[in-house]
Amino acid sequence: MGQAVQGVSVIALLMVIGFVLARTRALPPSAAPALTAVVYWAATPALLFHQLAHADVVNALTWPLVVAAASGLSTALICAGLLKLVKADRQSVVLGAMSGSLTNAVH
């Protein structure tokens with residue numbers, strides 16, 4: 001549990017720092033896309049890798065993981081089925097299934 005709190009607190013701290021930098025206009029507006037790319041492509045994967053490298057795998061492979069995986073898979077299938085039923089385009093089906101399954105898998 002401590003590792004999860006540590007991971008979330010690092011992200012929360014970075015969000016607060018970003019908010020303060022934006023409100024005080026310490027950086028020019030053109031810095032936002034570059035910082036977004038660094039966070040998305042470098043910092044977040046590095047944080048995830050660090051958390052996984054130091055996590056106890058035995059504690060991660062438990063019933064909540066099975067429930068989350070089943071929830072994500074079933075939500076994706078239901079969403080895809082419903083979108084096909086209303087004859088949505090392929091992009092909407094993929095986007096809806098992915099977003100629905102990821103949201104439910106997190107919970």
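Not one N or O on the side chain of His50 forms a donor-acceptor pair closer than 3.5 Å with the backbone of Ala46.
To the nearest 0.5 Å, atoms CG (Asp89) and CG (Leu95) are separated by 9.5 Å. To the nearest 0.5 Å, atoms CG (Leu83) and CD1 (Ile78) are separated by 12.0 Å.
In plain terms, the two heavy atoms of Pro33 and Pro29 that are nearest each other are CD-O, 3.9 Å.
In the hydrophobic clustering of this structure, Leu21 groups with Leu13; members are Ile, Leu, Val, Met, Phe, Trp, Tyr whose side-chain heavy atoms approach within less than 4.5 Å, directly or through other members.
Side-chain contact check for Ser71 versus Thr75: some heavy-atom pair is nearer than 4.5 Å. By the 4.5 Å heavy-atom criterion applied to side chains, Leu27 and Leu35 are counted as neighbours.
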